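We name chains A, B, ... by the order of the sequence lines, and we start the count at 1 in each one. On a predicted model such as this, the values are computed, not experimentally measured, just so you know.
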2 protein chains.
Amino acid sequence: MDRRLTARGLERRRQLMDYSARLFARNGYDPTSVAEIVDGMNVGKGVFYWYFESKEALLLEILADSQRSLRRLQQSYIENEADPVRRIELGIRATMDWVGQNRHLWGLFRFAASEERFAPYLRRGQQTAVSDVVRHINEAITQGRVRQTDPSVLAHAILGVTNQLSGTFLVEQDGRPSEVADAAVDFCLDGLLGARLPV
Amino acid sequence: MDRRLTARGLERRRQLMDYSARLFARNGYDPTSVAEIVDGMNVGKGVFYWYFESKEALLLEILADSQRSLRRLQQSYIENEADPVRRIELGIRATMDWVGQNRHLWGLFRFAASEERFAPYLRRGQQTAVSDVVRHINEAITQGRVRQTDPSVLAHAILGVTNQLSGTFLVEQDGRPSEVADAAVDFCLDGLLGARLPV
DNA sequence: GGGTGAGTTGACCGGGCGGTCAAGATCTCC
DNA sequence: GGAGATCTTGACCGCCCGGTCAACTCACCC
């Protein structure tokens with residue numbers, strides 16, 4: 001596409017992406033027609049295809065955009081933190097805060113992860129997330145603070161807890177990110193049985 | 001539909017469900033057309049609508065069937081086990097074994113969970129799973145073996161770990177259920193930092 | 001061997017889909 | 001004020017979708 005867009009054009013583009021993302025998330029990607037999108041925004045169909053190659057390309061852009069913004073938030077939380085375990089904690093907190101502010105995107109990610117045509121794009125993002133966490137875990141293992149286990153397994157487990165708790169308690173039950181983050185951090189650090197002494 | 005089916009009819013029905021489930025899982029539910037299904041099975045389109053009300057009804061039956069079989073397996077693992085913590089462990093192991101034998105259904109569940117038109121049916125199943133686990137956790141808390149925390153949060157965290165690890169290491173990486181289950185159990189019981197003494 | 005109901009066929013239907021495009025409106029800058 | 005780029009319109013296209021149905025075959029029983 002690579003069109004030269006004016007400021008006004010860029011704004012319109014943003015609006016289309018936001019509105020589409022909401023429709024996709026509410027009613028599903030396939031069931032949402034391009035006609036619905038442009039009707040809902042009171043523009044002609046041509047507008048859509050002026051800004052996007054196709055419906056599929058639009059979804060991919062929405063996903064890429066979201067992943068970028070999530071990663072940016074995570075890194076802003078983590079920078080300057082020396083303790084690897086605390087970096088993991090901050091990563092979880094960043095994720096919860098991001099989900100709290102982008103609840104409508106949650107279902108869209110789930111959908112994309114479930115379809116072979118979109119999953120590969122998400123997997124790349126997940127892989128970066130995993131290797132970020134793996135790095136912290138390795139450091140913590142070196143310090144003797146985490147038992148010797150396959151770090152990528154631990155990283156995936158942490159992601160799983162974060163995913164599930166954010167989905168259930170933030171998106172479905174509209175909870176507060178900081179509280180859900182507390183719970184996720186506790187579980188990830190100590191599991192069910194752990195009885196870590198208070199710091 | 002409630003048609004009277006002969007043994008032959010029931011068999012055909014099973015074949016249709018299995019084949020459709022595989023196509024849905026591979027290519028997505030919406031993108032898979034009824035024509036594809038019946039062509040792939042070398043039957044006329046009428047066969048499909050002889051056995052199922054609609055494409056949507058078929059998916060719901062596949063999901064209900066799967067949930068039933070998963071729950072049945074979990075209960076068979078758990079029955080007669082008195083220790084609540086060990087019941088949780090056995091539930092995880094049952095889930096991993098089930099996923100190991102039904103890898104193709106994994107993506108289908110993810111999809112269904114992501115769409116508002118199907119999610120409610122899955123949520124009921126997940127709710128039963130959660131309350132099963134909650135019951136064990138409450139018992140363990142009473143015994144003073146699990147720290148006092150909202151049990152439903154812990155239950156969801158366990159489900160999250162199980163989901164993520166089965167998806168990544170069983171479905172994507174084709175791992176062995178028992179090993180993945182070991183990892184999930186360890187993480188759920190001890191978290192990252194826990195250093196439980198060997199039994 | 002004929003009758004009955006289970007099972008099967010595939011042409012057909014209405015409709016909605018993603019995407020196109022010729023035409024026109026609007027903005028920007030000289 | 002006009003030239004050229006940006007932006008917008010909506011009728012239109014070909015396609016394929018989920019679903020229907022009248023006609024047919026087959027298995028089985030009396």
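- Within 6.0 Å of CZ in B:Arg117 there are more than 12 heavy atoms belonging to other residues, nucleotides or ligands.
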B:Glu139 vs B:Arg135, side chain to side chain contact (heavy atoms under 4.5 Å, CB included): CA-CA, chis, key distance, verdict: CA-CA 6 Å; B:Glu139 205 172 314; B:Arg135 225 169 311 131; 6.0 Å; no
B/S/- contact track for nucleotides 15-30 of chain C, protein heavy atom under 4.0 Å: --SBBBB-----S---
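- Using a 3.5 Å distance cut-off with no hydrogens or angles, the side chains of B:Gln173 and B:Thr168 do not pair a donor with an acceptor.
- In this structure, B:Trp50 places its CH2 atom 11 Å from P of C:dG5, rounding to the nearest Å.
- Dense packing is recorded around CD of B:Gln143, with more than 12 heavy atoms of other residues, nucleotides or ligands lying under 6.0 Å away.
- Using a 4.0 Å cut-off, some side-chain N or O of B:Arg12 falls inside it from OP1 or OP2 of C:dT8.
- Note: CG (B:Leu5) to P (D:dA27) measures 17 Å, nearest angstrom.
- Per the geometry, CE belonging to B:Met41 stands 15 Å off P belonging to C:dG10, to the nearest Å.
- B:Glu36 contributes atom CD, which lies 14.0 Å from atom CE of B:Met41 (distance to the nearest 0.5 angstrom).
- Between the C1' atom of C:dT9 and the CG atom of B:Asp39 lies a distance of 13 Å, rounded to the nearest Å.
- Salt-bridge formation is not detected for the pair A:Asp190/B:Arg147: no Lys NZ or Arg NE/NH1/NH2 atom is positioned less than 4.0 Å from an Asp or Glu carboxylate oxygen.
- Comparing the helix axis at one end of the helix from C:dG1-D:dC30 to C:dC30-D:dG1 with that at the other, each defined from 5 consecutive pairs, gives an inter-axis angle of 10° (nearest 10°).
- The interatomic distance linking A:Arg3 (CZ) with D:dG4 (P) rounds to 19 Å, in whole Å.
- Using cut-offs of 30° and 60° on the angle between ring planes, the pair A:Phe24 and A:Tyr29 is perpendicular.
- Between A:Tyr51 and the phosphate of D:dT6, there is no side-chain N or O to OP1/OP2 separation shorter than 4.0 Å.
- Taking 4.0 angstrom as the limit, B:Arg4 places a side-chain polar atom (N or O) nearer than this to OP1 or OP2 of C:dA6.
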